[in-house]
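This report concerns only the one structure given below.
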2 protein chains.
Amino acid sequence: MDKNSAAAGRQPKVVGARSLVEAAYATIRHDILDGSLAPGLKLRFEMLRERYGVGASTLREALTRLVGESLVTSEEQRGFRVAEVSLDDFADLTRARKLIEVEALRQSILHGDDAWEGTLVGAFHRLSKVEAKLATGAPELRDDFEERNRDFHYALIAACPSRWLKHMHGILFQQSERYRRLSLAARDESRDVHAEHEAVLEAALARDVDRACRLEAEHIDKTLQLLSRRFAPKT
Amino acid sequence: MDKNSAAAGRQPKVVGARSLVEAAYATIRHDILDGSLAPGLKLRFEMLRERYGVGASTLREALTRLVGESLVTSEEQRGFRVAEVSLDDFADLTRARKLIEVEALRQSILHGDDAWEGTLVGAFHRLSKVEAKLATGAPELRDDFEERNRDFHYALIAACPSRWLKHMHGILFQQSERYRRLSLAARDESRDVHAEHEAVLEAALARDVDRACRLEAEHIDKTLQLLSRRFAPKT
DNA sequence: AAATCTCAAAATCTCGAAAATTTGTTGACA
DNA sequence: TGTCAACAAATTTTCGAGATTTTGAGATTT
């Protein structure tokens, strides 16, 4: 009758997670992107078991997955750490991401059909809504914003036929997301992100490949410029 | 006195491995690149425990790492499989690799100093030696050849200052290596790989960026063309 | 004082067995 | 014959304890 009463509390506590490893992975990943688990932090199993409520092997597997995404580093026999961040790394990351994302966008615009346009317009609309709300100052919407921002950027390159290019893009985009969130705590009011997105969208729909790619590259660069001015101010 | 007699046979059996996870990872990885573990093969833990002599959690972590490198796929609650291969995937992979590797080579040539040239020449020399032996028909040198070929290609782009670009390249190169080895079983006698490498080396040393990049791109394409002719022969 | 050594304490790493899930089989029923 | 429920077998997933390694403080030597 009550199979779940004794010691059966082993169900993933994250929506869409089909195993404890995946739930732990998703939660830890979120906390790293978030900054809750600070860059460089030593990830001790004792602490993690308490915080996430799963066994050591399970955690180990989740962390291994995060190592593969360069969100966590590991040294044999010396455990795991949250990956460090640096302005140099972000600058390098931004250059690499521009190379990949711009090429993917180029191919996507060349191959995209009406269905692609539809999805793209939809993603832009959803992003716009949360951007508007965010502008009125509602910090609890940051997760929403990041999700829809990701959806929009993925929708832009969705029609690119190269699975490997999109895979590379995914890795770099996730890293960028981390830097963006760490910097988003204090937003730059002088920047109109919505207008940047809208400009890229219009160029993409107009099939103006060169303009779309140029705007996208500038858009990617903006966050780096913002962070550079804040943390290396040789005023 | 005999600490190792009872049940203490827990030392990594792979050179350079500092843990059983790493040893298992390296061995399984080798067997996949090799073809010993065929594409699509279901990786059952029973079989893996017998074959590699380590526990389930250890294997699980090694496999998770391989999933991160796209050499293994996994479906929740349904286990792991060796990643499939296809001509389409290889074609896509080759295009992506050309984009990344050529850009990395361009930057490497622009930034490389004398030390870089020295390492590069050394790597080419070591590769040449094993190529010569391989030509006389010595299949047991395949591992050696692959290692030195990898070293040479890494040496070419070693002076590229972008860590992320080199990281992307590493992922794509490893995938290519798998296809190369699967195709290497029957080599194409009409192809002079040594000459291709030498031409790239000369252009790189001469700091002729455009020529080096063109030659490298052609070199990368050759294996795809070879495989295409063999497996899609509309003769 | 600096370097080396010793040896507990702390942390990581590994295993085997139990729990949970999927897969395969059998037989009832239409 | 075909469908489906119930049960059994096979497989994956998870945990906790023990084995192994690293860390750090204090003692000893140079």
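Labels below follow one simple rule: chain letters A, B, ... track the order of the sequence lines, proteins then strands, and each chain is numbered from 1. None of these values were measured; they are calculated from a predicted model.
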What is the distance, rounded to the nearest whole Å, between atom [atom1] of [X] and atom [atom2] of [N]?
X: B/Arg78; N: D/dA10; atom1: CZ; atom2: P; answer: 19 Å
X: A/Arg44; N: C/dA9; atom1: CZ; atom2: C1'; answer: 13 Å
X: B/Glu61; N: C/dC15; atom1: CD; atom2: P; answer: 11 Å
X: B/Leu63; N: D/dT11; atom1: CG; atom2: C1'; answer: 14 Å
X: B/Tyr52; N: C/dC15; atom1: OH; atom2: P; answer: 15 Å
X: A/Lys42; N: C/dT12; atom1: NZ; atom2: C1'; answer: 8 Å
X: A/Arg18; N: C/dT22; atom1: CZ; atom2: C1'; answer: 10 Å
X: B/Phe45; N: D/dT14; atom1: CZ; atom2: P; answer: 11 Å

For this session: Verify whether one side chain among B/Ser86 and B/Asp88 offers a donor that lies under 3.5 Å from an acceptor in the other.
Result: no

Exercise. So, B/Arg150 and B/Gln174: side-chain donor and acceptor under 3.5 Å apart, yes or no?
Worked result: no

For [X], which contact category applies under a 4.0 Å heavy-atom criterion: base, sugar-phosphate, or nothing?
X: A/Leu43; value: sugar-phosphate
X: B/Glu46; value: nothing
X: B/Ser57; value: base

Exercise. Which comes earlier along DNA chain C counting from the 5' end, the contact point of B/Glu76 or that of B/Val54, where each point is its nearest nucleotide?
Worked result: B/Val54

For this session: Provide the Watson-Crick or G-U wobble partner of C/dA17, both distances under 3.5 Å; none if there is no partner.
Result: D/dT14

Exercise. Hey, is the side chain of A/Arg49 poking within less than 4.0 Å of OP1 or OP2 on D/dG16, counting only N and O atoms?
Worked result: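 Looking at the OP1 and OP2 atoms of D/dG16, one of them is under 4.0 Å from a side-chain N or O of A/Arg49.
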
For this session: Would you indicate which nucleotide in C/dG16, D/dT22, C/dT14 comes nearest to any side-chain atom of B/Leu20?
Result: C/dT14

Exercise. If you check every side-chain atom of A/Gln77, which of D/dT21, C/dT21, C/dT14 has the closest atom?
Worked result: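 Side chain of A/Gln77 sits closest to D/dT21.
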
Exercise. Does the cation-pi check pass for A/Arg180 over A/Phe173, that is, NZ or CZ under 6.0 Å from the six-membered ring centre and within 45° of its axis?
Worked result: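 Checked: cation-pi criterion met.
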
Exercise. Is a donor-acceptor contact shorter than 3.5 angstrom present between the side chain of B/Thr58 and the base of C/dC15?
Worked result: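 When only heavy-atom distances are counted, B/Thr58 does not reach the base of C/dC15 through any donor-acceptor pair under 3.5 Å.
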
Problem set entry | Neighbour count >12 (heavy atoms, 6.0 Å) for atom CD, A/Glu46 | no

Exercise. Taking the six-membered ring for Trp, is the centroid-to-centroid distance between A/His197 and A/His153 below 6.0 Å?
Worked result: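 Distance test on ring centres: under 6.0 Å, yes.
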
